[in-house]
Amino acid sequence: MYHEPQRQQEPSGCMDALILTRVVFGILFWPLVIMLAVLGAVLLVFTLLFTDPLLGLLALLGLAAAVAAFAWWDRRRVRPPE
């Protein structure tokens with residue numbers, strides 16, 4: 001009897017899907033971390049405000065200082081053309 005030669009099987013599409021998923025999560029990892037950190041900071045500030053108003057105000061001052069430091073760093077990093 002004649003048997004057809006077996007063709008080489010191509011790898012399944014599962015590996016392609018896993019590679020694409022890993023690339024997408026690699027791209028979105030830091031933005032997700034930053035969003036979760038900001039959400040945690042906001043929840044912490046609200047918790048501190050409801051626990052003790054002075055602690056809440058100190059936390060708000062800390063957040064304002066962090067935003068000001070980031071703005072200062074970003075302004076020094078990106079200089080407009082002269």
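Residue indices begin at 1 and follow the sequence shown. What's counted below: heavy atoms across the whole structure, side chains too, no hydrogens, waters or symmetry copies.
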Legend entry - Smallest separation among heavy atoms of Val45 and Ala59, with atom names: CG2-CB, 3.8 Å
Inset, instruction - Inspect the surroundings of CZ in Arg22 and state if more than 12 heavy atoms from other residues, nucleotides or ligands are less than 6.0 Å away. - result: no
Legend entry - Leu63-Leu49 co-clustered via ILVMFWY side chain contacts under 4.5 Å: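 Cluster IDs for Leu63 and Leu49 match.
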Could you list the residues that satisfy side chain to side chain contact (heavy atoms under 4.5 Å, CB included) with [X], not counting sequence neighbours?
| X | result |
| --- | --- |
| Val67 | none |
| Leu55 | Leu48, Asp52 |
| Leu32 | Leu28, Met35 |

Legend entry - Non-hydrogen side-chain atoms of Leu61 and Leu57 separated by less than 4.5 Å: no
Inset, instruction - Using the test salt bridge (Lys or Arg N to Asp or Glu O under 4.0 Å), find all partners of Arg76 that sit at least two apart in sequence or belong to another chain. - result: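 Counting only residues at least two positions away or on another chain, Arg76 forms no salt bridge (Lys or Arg N to Asp or Glu O under 4.0 Å).
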Legend entry - Under the ring-ring contact (aromatic ring centres under 6.0 Å, His included) test, residues paired with Trp73 that sit two or more places apart: Phe70
Inset, instruction - If you link ILVMFWY side chains whenever their heavy atoms are less than 4.5 Å apart, which other residues fall into the same cluster as Val33? By chain and number, please. - result: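 Result for Val33 is Phe29, Trp30.
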